[in-house]
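Predicted model, so just to flag it, every value in this text is computed and none were measured. If you read the sequence from its start, that first residue is 1, and numbering goes on from there.
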Amino acid sequence: MSESLALVRRRVREFLDGVEGEVCVAVSGGADSLALAEATAYAAKRFTLRTRALVVDHGLQDGSDAVAKKAAETAVNLGIDTAEVLTVDVTGPGGPEAAARKTRYAALRAAGGDLVLLGHTLDDQAETVLLGLGRGSGPRSVSGMRPLDPPWGRPLLAVPRTATVEACAALGVEPWTDPHNADPRFTRVRLRTEVMPLLEDVLAGGVAAALARTAAQLREDTEALDTLAADLFTRAAVDGGLDVTVLASAPPALRRRVIRRWLLDSGVPELTDAHLRGVDALIGRWRGQGGVWLPGHLEVRRAHGRLKLSEPVPTT
């Protein structure tokens, strides 16, 4: 057995230890998902798990239905119990890449059960961290993808992409190569084909692993701060708003986490760091200023020692 195939199988086996019932695997037909599917089927024999492959046909390319059908058949040939093709209609804002991703995840969530495995690798994690850095989205974005974020499971986050390709070769499987993965119109493609090779050259290798380690460290820090913020939120939440007195002495990082949770729970969409800092200024830099406007035609105002969220009165 090749070392790469053994590595993929070991990572999946360790991930599935203790799991019961059915496990779904998202399969695209690429090397990552096929290696994941085979390793899941292999581990399922030990743990007596039912396995099901979910193949999303985005319909964005000619012949996509045939590609999806072959991916489903290959997954079954690799040992997956059953496979089904989910045909979707890709629509929505943010460009084709973002719309396809949102549609794909919605379809997988609707069709999958409690656990859906995704074939994200070490290289995908590194690219995600770079995207977060470039967008200035804060530590939550730079902390990358979680190995387990129910219903999503990512057993291969510590496995390089080269290992999944080599695993498929060892299995005698020829993966499908998505033409979009070579299209420079997509930001992630340019990161993969231009930025990462340059960083590897300039920094003498090991960049993907280093970025993944950084993500893991930030994720641990973020989770610790979230735990502290949850206690602070419990003490500050009152009558649908937030008690400024309780929040005033807390560090800004905790205050903004409380504010973020409050606003998300209240249905405010598309929050940015600027929004959170603006609302936080109503606590930490209070000078009697007016409210902060947020997406969804909503406004946060401070009055009588509390933050309140309300719809602004339309002007005519």
Side-chain angles (χ1 to χ4, degrees), residues 11 14-15 94 98 101-102 105 109 114-159 187-188 191 195-196 199 206-237 242-243 246-285 292 294-295 300 307:
R11 293 299 187 186
E14 292 169 351
F15 189 89
R101 181 182 184 278
K102 183 177 180 179
Y105 273 80
R109 184 185 291 274
D114 295 332
L115 182 60
V116 179
L117 302 186
L118 306 173
H120 293 130
T121 65
L122 177 74
D123 300 81
D124 294 307
Q125 183 75 299
E127 293 161 11
T128 299
V129 173
L130 284 178
L131 284 171
L133 283 170
R135 292 167 178 163
S137 304
R140 195 176 302 277
S141 176
V142 180
S143 63
M145 297 175 283
R146 290 184 174 89
L148 180 60
D149 185 18
W152 316 119
R154 301 178 176 91
L156 305 184
L157 282 182
V159 176
T187 302
R188 190 175 284 268
L191 279 178
V195 177
M196 284 299 297
L199 286 175
V207 173
L211 288 171
R213 288 195 302 271
T214 298
Q217 293 162 6
L218 281 171
R219 193 159 53 249
E220 291 174 352
D221 293 347
T222 297
E223 289 170 356
L225 287 171
D226 285 345
T227 299
L228 296 173
D231 176 68
L232 181 61
F233 177 85
T234 300
R235 292 185 283 117
L242 295 177
D243 188 326
V246 174
L247 295 173
S249 60
L254 291 183
R255 288 202 307 258
R256 288 195 292 273
R257 279 170 166 77
V258 170
I259 292 168
R260 179 178 182 273
R261 174 176 170 180
W262 171 54
L263 294 177
L264 289 175
D265 288 350
S266 300
V268 180
E270 300 177 2
L271 285 171
T272 67
D273 182 67
H275 294 138
L276 297 179
R277 290 181 182 275
V279 175
D280 184 59
L282 298 177
I283 304 171
R285 299 197 305 275
V292 176
L294 299 173
V300 174
L307 296 185

Open item on the list: Measuring only between side-chain heavy atoms, which start at C-beta, is His275 closer than 4.5 Å to Ile259?
Closed with: no
So CG of Leu271 and CG of Leu276: to nearest 0.5 Å the spacing works out to 5.5 Å
- Quick one: does Leu211's side chain get under 4.5 Å of Met196's, heavy atoms only? yes
With Arg154 as partner, the option from Leu118, Thr121, Leu117 fulfilling side chain to side chain contact (heavy atoms under 4.5 Å, CB included) is Leu118
**Prompt:** Side chains of Arg188 and Thr128: does their closest heavy-atom pair fall under 4.5 Å?
**Reply:** yes
Is any side-chain heavy atom of Val292 closer than 4.5 Å to a side-chain heavy atom of Arg277? no
Interatomic distance, OG@Ser266 vs CG@Leu294, rounded to 0.5 Å, equals 10.0 Å
Nearest heavy-atom approach of Ala229 to Val258 is O-CG2, 3.5 Å
Subject >> Close side-chain approach of Leu263 and Val300, heavy atoms under 4.5 Å >> reply: yes
In this structure, CG of Leu191 is separated from CG of Asp124 (nearest 0.5 Å) by 11.5 Å
Do Arg11 side-chain atoms and Leu156 backbone N/O form a donor-acceptor pair below 3.5 Å? no
Rounding to 0.5 Å, atoms CZ (Arg219) and OG1 (Thr214) come to a distance of 11.0 Å
Hey, does the side chain of Asp265 reach the backbone of Trp262 with a donor-acceptor pair shorter than 3.5 angstrom? no
Checking side-chain contact (heavy atoms from CB on, under 4.5 Å) for the pair Leu115/Leu148: CA distance, chi angles, key distance, verdict?
CA-CA 9 Å; Leu115 182 60; Leu148 180 60; 4.1 Å; yes
Next on the checklist: Just by distance, no angles: are the side chains of Asp231 and Thr234 close enough, under 3.5 Å, to form a donor-acceptor pair?
Outcome noted: no
query = What orientation do His120 and Tyr105 show, parallel under 30°, tilted 30 to 60°, or perpendicular over 60°?
reply = parallel
Requested in this report: Determine whether Leu242 and Ile283 make a side-chain contact, defined as any pair of heavy atoms from C-beta on separated by less than 4.5 Å.
Outcome: no
| said: Would you say that Val142 contacts Val129 through its side chain, given a criterion of any heavy-atom pair below 4.5 Å between the two side chains? | reply: yes
*Ion pair check, Arg140 and Asp226, cut-off under 4.0 Å*: yes
| field | Heavy-atom side-chain contact between Arg257 and Phe233 under 4.5 Å | value | no
task = Please lay out, stage by stage, how Val195 and Leu199 fare under the test side-chain contact (heavy atoms from CB on, under 4.5 Å).
result = CA-CA 6 Å; Val195 177; Leu199 286 175; 4.0 Å; yes
Heavy atoms of Pro139 and Leu218 approach each other most closely as CB-CD2, 4.4 Å
Practice problem: For Arg146 and Leu157, run side-chain contact (heavy atoms from CB on, under 4.5 Å): C-alpha distance rounded to whole Å, both residues' side-chain angles, the deciding distance at 0.1 Å, then the answer. | Solution: CA-CA 9 Å; Arg146 290 184 174 89; Leu157 282 182; over 6 Å; no
Distance col, row Glu127:CD vs Thr187:OG1, nearest 0.5 angstrom, shows 11.5 Å
When every non-hydrogen atom of Ser141 is compared with those of Gly132, the smallest separation belongs to OG-CA, 3.2 Å
Minimal heavy-atom distance between Gln125 and Gly144, with the atoms involved, is OE1-CA, 3.4 Å
So CG of Leu282 and CZ of Arg255: to nearest 0.5 Å the spacing works out to 10.5 Å
